[in-house]
Protein chains: 2
Amino acid sequence: MTIVLPIQSLPRLQESAAARVERELRAGIIDLTIRPGERLSESEIAERFQVSRQPVREAFIALMRQGLLDVQPQRGTVVVKLSVRRMLDARFIREAIEVAIVRRACERFDAHYRDRAASLIAAQETAARAGDHAGFQRLDSLFHIALAEGADCMEAWTAVEMQKAHMDRVCALTLHSPGSMDPLVAQHQAILNAIEDGDAERAVSAMSHHLSEILRGVAGLDLTFAELFE
Amino acid sequence: MTIVLPIQSLPRLQESAAARVERELRAGIIDLTIRPGERLSESEIAERFQVSRQPVREAFIALMRQGLLDVQPQRGTVVVKLSVRRMLDARFIREAIEVAIVRRACERFDAHYRDRAASLIAAQETAARAGDHAGFQRLDSLFHIALAEGADCMEAWTAVEMQKAHMDRVCALTLHSPGSMDPLVAQHQAILNAIEDGDAERAVSAMSHHLSEILRGVAGLDLTFAELFE
DNA sequence: GCTCTTGAACTTCCATACAAGTGCATACTA
DNA sequence: TAGTATGCACTTGTATGGAAGTTCAAGAGC
């Protein structure tokens, strides 16, 4: 007797070419490997990824909707420049949603994700001491996701993710000094503590403060890196 | 001497085929002309709109990102069914953002848009008396947009729009009784009054209450129209 | 009657060719 | 020289054919 796995029910074993191009381009745009203002072209990217123009085009359109590319018909496609205004707008929207998330988390928060959030904070301390910024950033994201999951707000998180990209892109410019991560860990702990206490107002103000502090050190970057800003 | 207008600086005179297909399909999906659970296919829609499959495909992908279509590779595309959960998630996100908008509006609100919001409320009263539900819905949307514009939060509104679709889709099921629009007008007025007074807490609770009342009458629809819900 | 195979008819995904528009350099004209 | 055509090289947008995968029903084999 052979056991037949329901393969067809899985999403798909291999992501599509369009999805791969979009994922890699997105990562490059956010970490500024692909520079703001840079001109892209469907055919050039297609050649680089060894695919046809069509999946590249679909990736371009998707990234345009996310506000990362500017597709100008018959003219060309450019990576949108950084923008203080756009960053502040992103922060405004993100704060609105994440504040609502922690407020709900104070009412009901899955115990499993409370433990997960706590262990993520511990991992962040380790990463901070090791000076592992890339790892820290990944753990930071996972912490916020854990809050959303614990509060049963994953749909809200997908809305946050789009905005987060515009904050991350500007933050990628900052030089990470050795002790820059420690305050963020403490802020995460403060948020989790407030949630565990069920203190909504404290949780909200802790999250609000945290999202402000993330952007500490970006002031003046639009002058230092003027060519990257619009 | 001939005057040459800078035509090339305009966005584009005629929207692309893909944009047109997306716009029309989206409208149909939201007003339930295209029924939840209905099966679509690129070639069928392409024939209906007299375009090739490619722009239809792009429209499908865009609508999938908005959570309105479910594109299953090599299997088919279906209009996602209505979902109470999804509607509540949309309301949660929308409330989070719109509450933040009115809160900001209490701090700074462009006078021009205050007048515009007031005139929109007046127009809503007229539409309500005439029993013009389609017109009322359009005016309702314009009112919320005016708030966002007045508070200088248009980026936030684009985030709201995506969620709004999931609420509108369920609301399209409700039978509009003659007096159902009057309370909504009053709620709009309450929101605007609070903003004019600069009373943030009152504005927030007015908006919150308004967004709750919009969904009045949808309770039990998932049982009455079980085949449209997942 | 039941199980398995097989093939036809669909689907979405990708590659390729062509259409249409933009910008720029070059050459031509007054 | 200044101004104006004009053609070329590029861009994105659309059409179409085929590749890869899924579903389903008909039919062979037991």
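Chain letters run A, B, ... following the sequence lines, proteins first and then strands; every chain starts at 1.
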Between [X] and [Y] (salt bridge meaning N to carboxylate O under 4.0 Å), is one present in this structure?
| X | Y | answer |
| --- | --- | --- |
| B:Asp110 | B:Arg114 | no |
| A:Arg216 | A:Glu213 | yes |
| B:Arg26 | B:Glu161 | no |
| A:Asp152 | B:Arg85 | yes |

>> Using whole Å, what does the distance between atom P of nucleotide D:dG13 and atom CZ of B:Arg20 come to?
In response: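 It works out to 16 Å between those atoms.
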> With sequence neighbours left out, what residues match A:Ser212 under side chain to side chain donor-acceptor pair (under 3.5 Å)?
Replying inline: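 A:Ser212 satisfies side chain to side chain donor-acceptor pair (under 3.5 Å) with A:Arg91 once adjacent residues are dropped.
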>> Can you list everything that forms a side chain to side chain donor-acceptor pair (under 3.5 Å) with B:Arg116? Sequence neighbours excluded, please.
In response: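 Listed in chain order: nothing, the list is empty.
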> Which residues within residues 38-50 of chain A lie with some heavy atom under 4.0 Å of an atom in DNA chain C?
Replying inline: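 Nucleic-acid contacts, sorted: none.
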> Does B:Thr77 put a side-chain nitrogen or oxygen below 4.0 Å from OP1 or OP2 of C:dT12?
Replying inline: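 For C:dT12, OP1 or OP2 has a side-chain N or O of B:Thr77 closer than 4.0 Å.
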May I have the list of side-chain donor-acceptor pairs in residues 219-230 of chain B shorter than 3.5 Å, sequence neighbours left out?
| residue | atom | partner | partner atom | Å |
| --- | --- | --- | --- | --- |
| B:Thr224 | OG1 | B:Gly220 | O | 3.2 |

Every protein N/O lying under 3.5 Å from an N/O of nucleotides 16-21 of chain C:
| residue | atom | partner | partner atom | Å |
| --- | --- | --- | --- | --- |
| C:dT16 | O4 | A:Gln54 | OE1 | 3.4 |

> What residue pairs, at least two apart or across chains, pass ring-ring contact (aromatic ring centres under 6.0 Å, His included) with a residue in residues 138-166 of chain B?
Replying inline: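 Qualifying pairs: B:Phe143-B:His188, B:His144-B:His188, B:His144-B:His210.
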